[in-house]
S.K.: 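Below are the structure tokens for one structure; questions will follow.
As the structure is a prediction and not an experimental result, all values here were calculated from the model. Chain letters run A, B, ... following the sequence lines, proteins first, then strands; residues in each count from 1.
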Amino acid sequence: MSQYAEAQEELELSHHPSPGQYVKIAVILAILTAFEVGISYIDALSDVLIPLLGALAIAKFVMVVGYFMHLKFDSKLFRYLFVTGIGFALAVFTIVLVIFFSAEGGPSPGGPG
Amino acid sequence: MATGELTPAVHEHHTSTGLDNTKMAMWAFLGSECLFFGSFISTYLLYRNQTADGPTSADLYDIPYTSVSSFVLLMSSLTMVLALAACHRKDQRGMRAWLLATALLGMVFIGGQIYEFTEFAHEGLALSVSPFGSSFFVLTGFHGAHVTVGILMLLLLVGMSMFDRLGPDDSRKVELIGLYWHFVDIVWIIIFTVVYLIPS
Amino acid sequence: MATAAAQGGLFRRPTATTGWWSWVTTVDHKKIGILYCATALAFFVIGGIEALAIRTQLAVPNGTTLTAETYNQFFTMHGLTMIFLVVMPLGVGIMNYLAPLMIGARDVAFPRINAFSYWVFLLGGLFLYSSFFLGGAPDGGWFGYAPLSTQLPGNGMTFYALGLQILGVASLLGAVNFIVTILNMRAPGMTLMRMPVFIWMTLVTAFLLLFAMPVIAVALFELMFDRVYNANFFNPATGGDPVLWQHLFWLFGHPEVYIMILPAMGIISDVLPTFSRKPIFGYAAIVFAGIAIGFMGWGVWAHHMFAVGLGPVANSAFALSTMFIAVPTGVKIFNWLGTMWKGDLHFNTPMLFAIGFVSMFIIGGLSGVTHAIVPSDAQQTDTYYIVAHFHYVLFGGAIFGLFSGLYYWWPKVFGKLLSEGLGKVHFWLMFIGFNLAFGPMHILGLEGMPRRTYTYPDGMGWNLWNLVATVGAFIIAVSIAVFLVNAVRTKRKGREAGADPWDGRTLEWSTPSPAPAYNFAEVPIVKARDDFWHRKYVVKPDEQVTPVVAGGAVAAHEDEHDPGHGIHLPAPSFLPVLAAPGLPIMAYGVIYSWPLIVVGGLLLLLALFGWVLEPSEVEH
């Protein structure tokens, strides 16, 4: 490998978590998943279930993207590329679903909502 | 393989941002995939209660079963990242072992999906039954197709490594397929929560 | 020549540099650009014939040229052709040829994917057109509204769903390619704010494609599942909602119109300065306006749905966002006018088309603003007023802009200048024909003539303007014939152009014409915006422009003994053209026989397998 490519790789590797840390993250992810499943059965939490599940899912998402996909340590450009995609998706589909489920934007009888 | 011989020219082009072309391409593609899955997930959210005369999610979903499936896919992300770490350490055998493990866990996931699909079909859910049926199968089906493509790519990597076809920049290829694989995993994180856990 | 083993691939890579095989295996962005443009121009003629058939049918009331069924196929295919097989690929073709040259690169980031995108485009277009011979072309409009599109009998709309899907693959891959190329392969010193405006617009277009194509892909998959596999995405009987189709379609569809116009805006942002002999007025403003349009274009899609019944809140919100998006567009118009103001204007053909763009686009933009007002749009929607609007922006705008680019860069691509005389005939005939064809449609629309209908009754007061519009359409056709004659004559005996026939400002003019395979003998070091201009001229404090002695066109005379020695170029490959047919084969499989899906998929897989194992570069 050329000197340039080697230098590049060293720069990237210096920020990598160790295998042990990866395993720890995986354990946390498993625990969060078990949590998610557990609380979905608890009736008392049904009012806050959706925000809670959402928060847990987001936590898992961020951990996998940040650590396993290394985005936390990589160039911000990659973050912008990915976050822009997520941002557009969230924004436009929130608007679409709000239009569908609001009273007036709702469809003709027999439709969703 | 020593440098300077008649080797394929290594991609050590100096780039304007200092970032690798293929890695940038993969992140751009993954940004695009957010819109792809976002569209299918929104369709599902719109139609999850449009069950016509067919079975509903409450009738069908087996949360413990799907949780195990989700756990399997999550662990495959771990094995993937361990494969990349092995690759960085120049441990080709370790890399192959972890890549194979990732592919195997992926296959277990797909197997689980197939089983779930056939169960639901037996209970009367189909594309043609209701918008819920259509959006459930198409969303999870496309996700499964993505996983399958990932498995094929993982096996290709293992094969290339075994036949000495992974050159000096092999860590980049492994990294790129890793990014794709993790993405497919995080899509499932969303799907699992939104489709299975949120009650109708 | 290195053997296959030493190369590390399974096959020896092709090496031809001339002849038809070199075109089939090319990965050179310049050849690919020419292929895109030539193919797009061929489809332009076909789409134009469809338009002439439509206009002949509508020239008189109760027309009998086309039956209703045929008319539906023609207007659907006219729209699909012009959008997906003409305007988009012309833009992509010009971007392909010029982008690496303008940023000082030797090729795009992924040359084989670039070639693959072209072949997929060609085969996708042919797939779509094969429908005419296989039971009938799509007939549900280019916008494919459900539940009509899900229920129309025959295979036409299935060809629509699958054909656009195939074309979408080409576009998405192209988008990734151009994003990486522009961000990562600029010559030293070419900072983002020194890039030509055309490159900025290419970058924004690529991002729009990146994020919009997946949405239409989903819509088309859902349509396909409804039609072929009895799904219920848009089936009201089981609780499906056809409005979902409209949302998904226009979430793509609105960014799509910016995808069509931004390259043309970029082109004239480089043509106007050259022929005004002034730099672009307000470079930063025009760049940021372009970026703003890219972002805001995502917030206006439901203005195509004002008559659907989304409710006053949604309607008002989208009306506002639509009015706001006129602002960055307006900024650009002032930038272009400011460029020409007090410039030393030269009215060569590229300049005529560029000025034509600005004026026609203003008209189209103004009618667009009138649609933004919801009650007004309730009157205009589904009438010829809308048809007038989008032809003014897409023909008067995009097509004029693209022709400006073709005339401008023709000498760079082919080494010969198109005839000025014929060029001016083309322009004026097209300008007159265009305005005759589409100007009266504003009136027809406001007088209530609905669109998408194959005939109209007598006595509505629409006869005269329809006839005028038809005459205009035929004048346009003549103008295109003039252009084609020009192209052929120039090939035979055109004037030699030299490297820099227009005294241009940007890097592509520093290479010989046609540009050599390796683009630049030496990678340029860029010191300023319009770097090439500054190598040729010095601007004194009193604003006097004086030529630099012995400066300028560095590479007009290459090292004749050994030009381009030691330059690594991506080697040709037949794998893109081998892989591409896999997609239409799978599509035919969906319509006719599922084993074909497997065959197509295997072809794709095996070709990609070979692709991965093929080294992407070979030492010369």
S.K.: Between A:Val64 and B:Phe183, is any pair of side-chain heavy atoms under 4.5 Å apart?
M.R.: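 A side-chain contact under 4.5 Å is absent here.
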
S.K.: Check step by step if side chain to side chain contact (heavy atoms under 4.5 Å, CB included) holds for B:Leu84 and A:His70.
M.R.: CA-CA 11 Å; B:Leu84 183 61; A:His70 209 245; over 6 Å; no

S.K.: Please classify the contact of B:Ser32 with chain A as side chain, backbone, both or neither, using a heavy-atom distance under 4.5 Å.
M.R.: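 Neither part.
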
S.K.: Once you round to the nearest 0.5 Å, how far does CG of B:Leu45 lie from CZ of A:Phe100?
M.R.: 12.0 Å

S.K.: With side chain to side chain donor-acceptor pair (under 3.5 Å) as the rule and sequence neighbours excluded, what pairs involving residues 85-95 of chain A come up?
M.R.: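 Side chain to side chain donor-acceptor pair (under 3.5 Å) check on residues 85-95 of chain A returns no pairs.
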
S.K.: Decide if atom CZ of B:Phe142 counts as having more than 12 heavy atoms of other residues, nucleotides or ligands within a radius under 6.0 Å.
M.R.: yes

S.K.: Testing the basics here: between B:Thr193 and A:Ala57, what is the closest heavy-atom pair and its distance to 0.1 Å?
M.R.: OG1-CB, 3.3 Å

S.K.: Mind ranking B:Ala85, B:Ala86, B:Ser39 by heavy-atom pairs under 4.5 Å with chain A and telling me who comes out on top?
M.R.: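 Greatest number of close heavy-atom pairs with chain A: B:Ser39.
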
S.K.: Please round to the nearest 0.5 Å and tell me the distance separating atom CE of B:Met80 and atom CZ of A:Phe68.
M.R.: 11.5 Å

S.K.: Give, for atom OG1 of A:Thr33 and atom CD1 of B:Ile189, the distance between the pair rounded to the nearest 0.5 Å.
M.R.: 7.0 Å

S.K.: Non-hydrogen contacts under 4.5 angstrom with chain B: give the residues of residues 21-30 of chain A involved, or none if there are none.
M.R.: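 Within residues 21-30 of chain A, the residues that come under 4.5 Å of chain B (heavy atoms only) are A:Tyr22, A:Val23, A:Ala26, A:Leu29, A:Ala30.
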
S.K.: In terms of heavy-atom pairs under 4.5 Å with chain A, which of B:Val194, B:Leu74, B:Val187 leads?
M.R.: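 The answer is B:Leu74.
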
S.K.: Side chains of B:Arg89 and A:Pro19, heavy atoms from C-beta outward: is any pair under 4.5 Å?
M.R.: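 Result yes, sub-4.5 Å side-chain heavy-atom pair found.
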
S.K.: For chain B, find which of A:Val96, A:Leu56, A:Leu71, A:Ile39 contributes the most heavy-atom pairs closer than 4.5 angstrom.
M.R.: A:Leu71

S.K.: Supply the atom-to-atom distance B:Ile63 CD1 to A:Glu36 CD, rounded to the nearest 0.5 angstrom.
M.R.: 10.5 Å

S.K.: Could you tell me which portion of A:Leu49 (side chain, backbone, both or neither) has an atom closer than 4.5 angstrom to a non-hydrogen atom of chain B?
M.R.: side chain

S.K.: Which bit of B:Ile198 is near chain A, if near means a heavy-atom gap under 4.5 Å: side chain, backbone, both or neither?
M.R.: both

S.K.: Which bit of A:Thr84 comes within less than 4.5 Å of chain B, counting heavy atoms only: side chain, backbone, both or neither?
M.R.: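 Contact with chain B is absent: no heavy atom of A:Thr84 under 4.5 Å.
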
S.K.: Specify which of B:Thr17, B:Ile41, B:Leu179 makes the most heavy-atom pairs with chain A at under 4.5 Å.
M.R.: B:Leu179

S.K.: Using a cut-off of 6.0 Å, state whether more than 12 heavy atoms not belonging to A:Tyr80 lie near its atom OH.
M.R.: no

S.K.: Rounded to the nearest 0.5 Å, what's the gap from CZ on A:Phe82 to CZ on B:Phe29? Could you check?
M.R.: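 The distance works out to 11.5 Å.
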
S.K.: Heavy-atom cut-off 4.5 Å, strictly under: side chain, backbone, both or neither for A:Tyr41 against chain B?
M.R.: side chain

S.K.: Could you tell me which portion of B:Pro64 (side chain, backbone, both or neither) has an atom closer than 4.5 angstrom to a non-hydrogen atom of chain A?
M.R.: both

S.K.: Can you tell me how far the CE atom of B:Met24 sits from the CG atom of A:Leu77, to the nearest 0.5 Å?
M.R.: 5.0 Å

S.K.: Are there more than 12 heavy atoms of other residues, nucleotides or ligands under 6.0 Å from atom CH2 of B:Trp98?
M.R.: no

S.K.: For A:Ile86 and B:Cys34, work out which heavy atoms get closest and say how close.
M.R.: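 That would be CG1-SG, 3.5 Å.
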
S.K.: Show the nearest heavy-atom pair for residues A:Ser40 and B:Leu197, with the distance to one decimal.
M.R.: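 Smallest heavy-atom distance, with atoms named: OG-CD2, 3.8 Å.
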
S.K.: Please classify the contact of A:Leu97 with chain B as side chain, backbone, both or neither, using a heavy-atom distance under 4.5 Å.
M.R.: side chain

